[in-house]
Protein chains: 2
Amino acid sequence: MEPIDVFKALSNKTRLNILQWLKEPEKHFPKQGAHLPKEVSYKGGVCVGDIQEKAEVSQSTVSHYLNMMQKAGLLESVRYGQWTYYRRNEEAIRQFAEFLKTEI
Amino acid sequence: MEPIDVFKALSNKTRLNILQWLKEPEKHFPKQGAHLPKEVSYKGGVCVGDIQEKAEVSQSTVSHYLNMMQKAGLLESVRYGQWTYYRRNEEAIRQFAEFLKTEI
DNA sequence: ATTATATATCGACTTTTTTCGATATGTCAA
DNA sequence: TTGACATATCGAAAAAAGTCGATATATAAT
């Protein structure tokens with residue numbers, strides 16, 4: 001987890017929003033998991049399409065953003081059927097906040 | 001203090017270094033304050049020239065960087081004679097770390 | 001097999017950031 | 001008041017990031 005990459009990932013309004021939305025998925029993505037039966041629904045994850053709709057950018061852009069955030073360590077993903085679910089990597093985020101507090 | 005501006009300011013290796021160097025000025029800028037008599041030396045501040053030398057970028061670039069970091073709220077400056085001294089704005093940095101921990 | 005849907009990747013164009021040298025401004029010393 | 005030095009600002013060129021539509025890939029449904 002390179003701090004510079006995390007700072008870059010967060011220095012964009014839309015990506016920052018996405019990270020914050022994913023803190024409370026059920027609040028910001030009420031339709032979430034419509035595709036999946038509850039028993040397999042990916043805990044806290046939201047599919048790309050739902051994020052795209054909310055973020056109001058093109059499909060390719062949101063896909064690019066999510067990939068970038070995952071590479072930075074902020075998100076993790078799971079593919080379920082044709083959907084990819086993204087959720088926060090809370091442990092990495094916590095570590096980053098800790099790094100900021102102590103090293104910066 | 002706009003979080004996005006802070007993230008942008010920190011998403012560059014040189015600027016991140018500067019912020020960290022200024023955490024321990026006497027360690028990273030041993031010649032610091034050579035210009036000033038001790039009794040007026042700006043507590044914890046380092047002049048642009050010393051920062052430039054250590055950062056190894058051009059004078060205009062370091063000036064631009066420092067201005068950007070100040071606008072983001074990370075640094076504050078005082079002019080003393082022909083020198084400008086920059087130091088960390090610890091309160092703003094603390095607030096930012098707190099924001100990151102609770103809001104991100 | 002074909003079609004439909006979700007996501008990823010590609011290629012291109014636009015915008016922003018990086019970075020510099022040149023110049024301007026402000027201050028000090030002779 | 002002239003010359004030297006520190007810093008700031010300007011203008012430009014190069015590099016990187018943002019962003020899109022088109023296309024590829026993978027899965028699901030018919």
Side-chain angles (χ1 to χ4, degrees), chain A residues 2 4-19 22 29 31-37 40-42 45-72 74-87, chain B residues 2 4-18 22 29 31-37 40-42 45-72 75-87:
Chain A
E2 285 302 318
I4 295 279
D5 294 334
V6 180
F7 286 125
K8 277 188 188 164
L10 295 177
S11 60
N12 171 286
K13 194 71 179 356
T14 301
R15 291 192 296 263
L16 192 54
N17 281 338
I18 290 172
L19 194 64
L22 289 177
F29 304 93
K31 299 184 298 187
Q32 180 238 156
H35 332 289
L36 292 173
V40 281
S41 111
Y42 181 57
V46 178
C47 75
V48 178
D50 288 355
I51 299 173
Q52 187 209 337
E53 188 178 347
K54 177 124 182 139
E56 295 181 296
V57 292
S58 75
Q59 189 270 320
S60 56
T61 296
V62 85
S63 180
H64 178 206
Y65 281 2
L66 294 169
N67 182 254
M68 178 184 320
M69 294 170 79
Q70 179 167 30
K71 278 185 178 156
L74 294 165
L75 301 181
E76 52 195 7
S77 70
V78 169
R79 182 166 255 261
Y80 193 85
Q82 57 196 138
W83 290 278
T84 305
Y85 290 81
Y86 282 90
R87 67 174 175 188
Chain B
E2 286 300 319
I4 295 279
D5 294 334
V6 180
F7 286 126
K8 277 187 188 167
L10 296 176
S11 61
N12 171 286
K13 194 70 179 353
T14 301
R15 291 192 297 263
L16 192 55
N17 281 338
I18 289 172
L22 290 177
F29 304 94
K31 299 184 296 185
Q32 182 239 157
H35 330 291
L36 292 173
V40 284
S41 108
Y42 182 58
V46 178
C47 75
V48 178
D50 289 355
I51 299 173
Q52 187 209 336
E53 189 179 343
K54 176 124 181 138
E56 295 181 296
V57 292
S58 75
Q59 189 271 318
S60 57
T61 296
V62 84
S63 180
H64 178 207
Y65 281 3
L66 293 168
N67 182 255
M68 177 184 321
M69 292 169 80
Q70 179 167 29
K71 278 187 176 154
L75 300 182
E76 51 196 6
S77 69
V78 168
R79 180 166 257 260
Y80 194 85
Q82 56 197 141
W83 291 276
T84 305
Y85 290 81
Y86 282 90
R87 66 173 174 189

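Sequence lines set the chain letters: A, B, ... in the order given, protein chains first and strands last, and positions in each chain run from 1.
- The residue among A:Ser60 and B:Gln82 whose nearest nucleotide of DNA chain C is located toward the 5' end is A:Ser60.
- Between B:Thr84 and A:Gly81, it is B:Thr84 whose nearest contact on DNA chain D lies nearer the 5' terminus.
- In this structure, the OH atom of A:Tyr85 is 19 Å from the P atom of D:dA26, given to the nearest Å.
- Rounding to whole angstrom units, CG of residue A:Asp5 and P of D:dA16 are separated by 14 Å.
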Checklist entry - Passes side chain to side chain contact (heavy atoms under 4.5 Å, CB included), B:Thr84 versus B:Leu66? Steps please. => result CA-CA 11 Å; B:Thr84 305; B:Leu66 293 168; over 6 Å; no
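- Put simply, A:Tyr86 has a side-chain N or O that comes within less than 4.0 Å of OP1 or OP2 on C:dA8.
- Atoms CD (B:Gln59) and P (C:dT19) sit 15 Å apart, rounded to a whole Å.
- Here the nucleotide nearest the side chain of B:Cys47, chosen from C:dT19, D:dT7, D:dT27, is D:dT7.
- Closest to the side chain of B:Ser58, out of D:dG18, C:dC20, D:dA8, is C:dC20.
- Residues B:Arg15 and B:Ala9 approach most closely at NE-O, 2.8 Å, considering heavy atoms.
- Rounded to 10 degrees, the angle separating the terminal helix axes of the helix from C:dA1-D:dT30 to C:dA30-D:dT1, each built from five base pairs, is 20°.
- The distance between atom NE2 of A:His64 and atom C1' of C:dT7, rounded to the nearest whole Å, is 15 Å.
- Here C:dT16 presents its C1' atom at 12 Å from CG of A:Asn12, a figure rounded to the nearest Å.
- Within the 4.0 Å cut-off from OP1 or OP2 of D:dA8, not a single side-chain nitrogen or oxygen of B:Arg79 is found.
- OP1 or OP2 of C:dT9 has not a single side-chain nitrogen or oxygen of A:Ser63 nearer than 4.0 Å.
- At whole-Å resolution of the value, CG in B:Asn67 and P in C:dT18 are 13 Å apart.
- Counting to the nearest Å, the P atom of D:dC5 and the CH2 atom of B:Trp83 are 11 Å from each other.
- Nearer the 5' end of DNA chain D, as judged by each residue's closest nucleotide, is the contact made by A:Lys8, out of A:Thr61 and A:Lys8.
- Note: CD1 (A:Ile18) to C1' (D:dG18) measures 13 Å, nearest angstrom.
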